[in-house]
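The block underneath contains the structure these notes are about, expressed in structure tokens.
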Amino acid sequence: MYLLKAFVRFVGMFSIWFTNRLSAIFGGTYMLNKPIEEIVMENGKVVGVKSEGEIAKCKQLICDPSYVMGHVKKVGQVIRVICIMSHPIANTGDINSCQIIIPQNQVNRKHDIYVCMISFAHNVAATGKYIAIASTTVETNDPEKEIKPALDLLEPIEQKFVSIGDLYEPTDLGTESQ
């Protein structure tokens, strides 16, 4: 469990730094650990975000769907499995990272299955450890069976963490509401 927490902390810190840097370069504002009280709208258009009594003005808002549930609809679910291993994926030439896409027609599905592997070489895991993330769009009532072709590629798996989350899409193009 410590390994996963360290990985999540590293990825989180890196993505925060990178996003903050890009935001600063292009004149944006990136807000962390601030409660969202309200998404401020004027004439049907987003003009800012209110947090702790202050309004950060914006021309466009990019956010998690949970902040704008009135503007999105659930269109499905995604299964994600994080796997901790002591070996690279077989038949990849013992490389330290890779991405594999299992085409839908090879596993009789409507959606591809994705596998991404990273390792200790990227300073995201302990020496000799590999982390693989497998994901796909859920199509049946047995999502773990659907992801099995990916997990079979990763065996043996020391520890795995399975999550199933809702998949949303906007109800409009966003050109009007921004």
Side-chain angles (χ1 to χ4, degrees), residues 1-19 30-37 39 46 49 61-92 95-120 122-126 129-174 177:
M1 190 62 157
Y2 174 77
L3 182 67
L4 179 63
K5 286 179 183 175
F7 167 71
V8 170
R9 189 176 308 121
F10 170 79
V11 170
M13 288 174 15
F14 179 76
S15 63
I16 289 167
W17 174 85
F18 188 72
T19 307
Y30 196 80
M31 298 168 65
L32 293 173
N33 297 324
K34 294 194 67 127
I36 302 298
E37 296 169 13
I39 294 176
V46 173
V49 176
L61 176 67
I62 300 170
C63 65
D64 185 88
S66 63
Y67 292 110
V68 289
M69 292 305 289
H71 297 275
V72 296
K73 65 180 177 181
K74 180 180 171 183
V75 294
Q77 292 187 305
V78 174
I79 181 169
R80 294 177 183 90
V81 183
I82 299 173
C83 302
I84 300 174
M85 310 172 305
S86 292
H87 59 87
I89 297 174
N91 302 315
T92 60
I95 57 177
N96 291 319
S97 66
C98 69
Q99 181 173 354
I100 298 171
I101 300 173
I102 303 171
Q104 59 192 16
N105 58 0
Q106 289 186 9
V107 285
N108 297 317
R109 293 178 41 80
K110 296 176 188 168
H111 300 91
D112 296 337
I113 301 173
Y114 301 92
V115 179
C116 173
M117 183 197 69
I118 51 180
S119 69
F120 63 94
H122 305 93
N123 297 319
V124 296
K129 296 294 183 181
Y130 297 79
I131 298 171
I133 304 165
S135 64
T136 192
T137 302
V138 174
E139 297 176 2
T140 69
N141 290 328
D142 193 359
E144 290 197 49
K145 184 177 179 184
E146 296 180 51
I147 201 83
K148 189 175 181 326
L151 300 182
D152 288 346
L153 293 175
L154 306 177
E155 289 294 343
I157 299 168
E158 290 182 14
Q159 195 166 8
K160 68 179 179 178
F161 304 88
V162 179
S163 68
I164 299 170
D166 292 336
L167 181 62
Y168 296 96
E169 71 179 27
T171 55
D172 63 45
L173 296 176
S177 63

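Across Met85 and Ala132, no two heavy atoms sit closer than the pair CE-CB, 3.8 Å. When all heavy atoms of Ala126 and Phe120 are compared, the closest pair comes out as O-CB, 3.2 Å.
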Could you check Lys129 against Ser119 for side-chain contact (heavy atoms from CB on, under 4.5 Å), going step by step and ending with a plain yes or no? CA-CA 6 Å; Lys129 296 294 183 181; Ser119 69; over 6 Å; no

Would you check, one step at a time, whether the test side-chain contact (heavy atoms from CB on, under 4.5 Å) holds for Lys160 with Leu151? CA-CA 10 Å; Lys160 68 179 179 178; Leu151 300 182; 4.0 Å; yes

Taking it one step at a time, do Ile133 and Tyr114 satisfy side-chain contact (heavy atoms from CB on, under 4.5 Å)? CA-CA 8 Å; Ile133 304 165; Tyr114 301 92; over 6 Å; no

Should Ile89 and Cys98 be marked as a side-chain contact (heavy atoms from CB on, under 4.5 Å) after you check the CA-CA gap, both sets of side-chain angles, and the distance that decides it? CA-CA 9 Å; Ile89 297 174; Cys98 69; 3.9 Å; yes

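For Thr137, the side-chain contact (heavy atoms from CB on, under 4.5 Å) test picks out His111, with sequence neighbours left out. Residues satisfying the salt bridge (Lys or Arg N to Asp or Glu O under 4.0 Å) test with Glu139, not counting sequence neighbours, are Arg109. For Asp142, the side-chain contact (heavy atoms from CB on, under 4.5 Å) test picks out Thr140, Glu144, Lys145, with sequence neighbours left out. Among residues two or more places apart in sequence or in another chain, the side-chain hydrogen bond (donor to acceptor under 3.5 Å, both in side chains) test is passed with Asp152 by Lys148.
A distance of 6.0 Å separates OG in Ser135 from CD1 in Ile147, rounded to the nearest 0.5 Å. Rounded to the nearest 0.5 Å, atoms CD1 (Ile131) and CG (Leu154) are 12.5 Å apart.
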Let me have the donor-acceptor pairs involving side chains of residues 67-84, under 3.5 Å, with sequence neighbours excluded, atom names and distances please.
from	atom 1	to	atom 2	distance (Å)
Lys74	NZ	Asp166	OD1	3.2
Gln77	NE2	Asp166	OD1	3.1

Which side-chain N or O atoms in residues 99-108 pair as donor and acceptor under 3.5 Å with protein atoms at least two apart or in another chain?
none

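When atom types are taken as modelled, the side chain of His87 and the backbone of Pro156 share a donor-acceptor pair closer than 3.5 angstrom.
The environment of CG in Asp172 is crowded: more than 12 heavy-atom neighbours from other residues, nucleotides or ligands sit within 6.0 Å.
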